[in-house]
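A quick write-up on the structure given underneath.
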Amino acid sequence: MRQSKLFTKTAKETPKDEVSINAQLLIRAGFIDKLMAGVYTYLPLGLRSLEKIKKIVREEMNQLGGQEILMPALTPKEIWEVTGRWDKIDVAFKLDGDGGKQYSLGSTHEEVVTPLVKKFVKSYKDLPVAVYQIQDKFRNEPRAKSGLLRGREFSMKDLYSFHKDEEDFSDFYEKSKQAYLNIFEKCGLNAVIAEADGGVFTDKYSHEFQVFTENGEDIIFSCETCGLHRNSEIVKEEKCPQCGGGMVKNKAIEVGNIFPLETRFSDAFGFSYLDKDGKEQPVLMGCYGIGPSRVMGSIVEVNHDEKGIIWPESVAPYSVHLVSLCKESADIKKADELYETLTKQGVEVLYDDREGATAGQKFADSDLVGLPKRVVISPKTLAEDSVEIKERSSDKVEIIKIKELNSRLF
Ligand code: ATP
Ligand code: MG
């Protein structure tokens with residue numbers, strides 16, 4: 001992508017109405033734009049990162065056996081009355097339609113997915129089933145001051161699993177934990193599993209995936225001896241409930257959450273199956289949420305410095321920032337050629353070919369945008385058939401021959 005063609009621009013000033021680091025940096029670097037509190041547009045660079053995160057999520061969900069679907073975000077009041085959640089979910093956005101009809105914008109989808117899967121699953125032979133979607137969720141969050149960490153419209157991957165017995169459910173639930181850990185690792189996040197309350201989903205426990213950072217909204221107690229983590233919403237202990245060791249507390253961001261739903265929703269919708277003996281049995285369910293947009297915000301919270309973002313390779317919008325300081329047409333031609341060659345070879349390159357910008361502005365923008373590698377091409381380096389290469393996460397600058405570049409980018 002030629003930066004001269006990018007319709008967005010970077011900004012020097014920190015947006016006054018944003019207090020979170022992720023929103024400040026993502027807006028300044030031209031990744032997102034704020035429409036109102038908790039609601040953002042993804043600009044070309046931001047959308048590329050978000051899509052890369054979703055791709056990682058998809059791969060792991062498919063690997064787990066999940067089948068992708070897309071459910072409606074506009075849902076009728078009646079389905080929420082079946083489970084008694086119309087008045088229980090206090091963050092639900094509700095709408096009035098014609099003829100006294102009422103709707104809710106999907107804040108979660110158990111009420112849609114349970115009757116959906118019920119239509120197709122009749123016998124033990126049809127189980128297990130796991131379906132997921134990646135869709136925008138709507139929640140009227142009272143405090144939406146944390147940029148992508150707490151949106152009122154935000155991206156969520158929600159998977160729902162259906163099982164014939166506890167053993168089959170537990171097996172899947174444990175596998176989902178590993179899939180989640182894989183996702184966060186691939187996104188460059190160090191997440192731990194914490195025990196937590198089940199909220200409006202279940203009376204039972206749930207498991208959260210937490211990333212420790214000073215800007216997190218959650219407080220996690222961790223045992224210094226056995227490594228148990230618990231969300232402070234349910235526990236205020238000084239001693240570890242598992243081994244009696246001392247507990248320390250730290251702030252963290254919840255990036256994922258998985259819940260055993262047991263028969264809470266299948267009972268409400270009368271969803272049962274026929275076992276081997278033709279006897280009716282209740283279907284056991286689980287739900288598994290992850291927020292790609294919150295993951296994107298979290299990545300920025302933990303990977304930045306005073307100059308800007310430091311993207312992990314896997315989720316960076318482009319992997320190389322090719323910065324041209326060339327002014328003469330013969331040099332510009334060489335820079336253009338390098339851009340085209342690399343792009344043809346499959347390297348994802350953002351090419352700073354802007355003519356009006358100074359070297360200082362280009363370097364500052366490159367640090368702000370934070371692509372993993374910066375390659376500078378200038379009259380000085382070209383005189384020796386070379387370029388300058390530097391990783392965003394390091395201060396080391398190297399001069400290498402252009403023909404050696406390939407071996408450094410793959
Ligand atoms: P929180 O306690 O932070 O409000 P939650 O427990 O209500 O979140 P879940 O219903 O468990 O959230 O949603 C599953 C996942 O969706 C979360 O782990 C998080 O990654 C993401 N998520 C939830 N709410 C938001 C939000 N308002 N903005 C961005 N992502 C969100
Ligand atoms: Mg949660």
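Indexing begins at 1, ligand by ligand and atom by atom, following the structure's order.
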Regarding ligand 1, does [X] bring an N or O atom to under 3.5 Å of one of the ligand's N or O atoms?
X: Leu148; value: no
X: Asp218; value: no
X: Arg294; value: yes
X: Gly289; value: no
X: Glu254; value: yes
X: Phe259; value: no

Flag side-chain contact, heavy atom, 4.5 Å: Asp352 against Ser366: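 Side chain of Asp352 against side chain of Ser366, heavy atoms only: no contact under 4.5 Å found.
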What part of [X], side chain, backbone, both or neither, has a heavy atom within less than 4.0 angstrom of ligand 1?
X: Met156; result: side chain
X: Asn257; result: both
X: Lys137; result: neither

Would you mind running through ligand 1 and noting each atom that sits below 4.0 Å from a heavy atom of [X]?
X: Glu141; answer: 24 (N), 26 (C), 27 (N)
X: Gly151; answer: 26 (C), 27 (N), 28 (N), 29 (C)
X: Val255; answer: 18 (O), 20 (O)
X: Gly256; answer: 18 (O)

Hey, is [X] close enough to [Y] for a salt bridge, meaning N to O under 4.0 Å?
X: Lys344; Y: Glu340; value: no
X: Glu195; Y: Arg230; value: yes
X: Glu337; Y: Lys334; value: no
X: Lys9; Y: Asp365; value: no
X: Glu81; Y: Lys77; value: yes
X: Arg48; Y: Glu51; value: no

Distance-only donor-acceptor check, side chains Thr213 and Glu301, under 3.5 Å: no
Ring center gap for Tyr205 and His207 short of 6.0 angstrom: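 Aromatic pair counts; centres sit under 6.0 Å.
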Ring centres under 6.0 angstrom apart (Phe169, Tyr173):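 Ring centroids of Phe169 and Tyr173 are less than 6.0 Å from each other.
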Whether Leu149 lies under 4.0 Å from ligand 1, heavy atom: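 Leu149: in contact with ligand 1 (<4.0 Å).
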Contact check: Ser206 to the Mg ion (ligand 2), N/O/S below 2.8 Å: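 It does not: Ser206 brings no N, O or S atom closer than 2.8 Å to the Mg ion (ligand 2).
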Under 2.8 Å: N/O/S of Glu254 next to the Mg ion (ligand 2):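 It does; at least one qualifying atom falls short of 2.8 Å.
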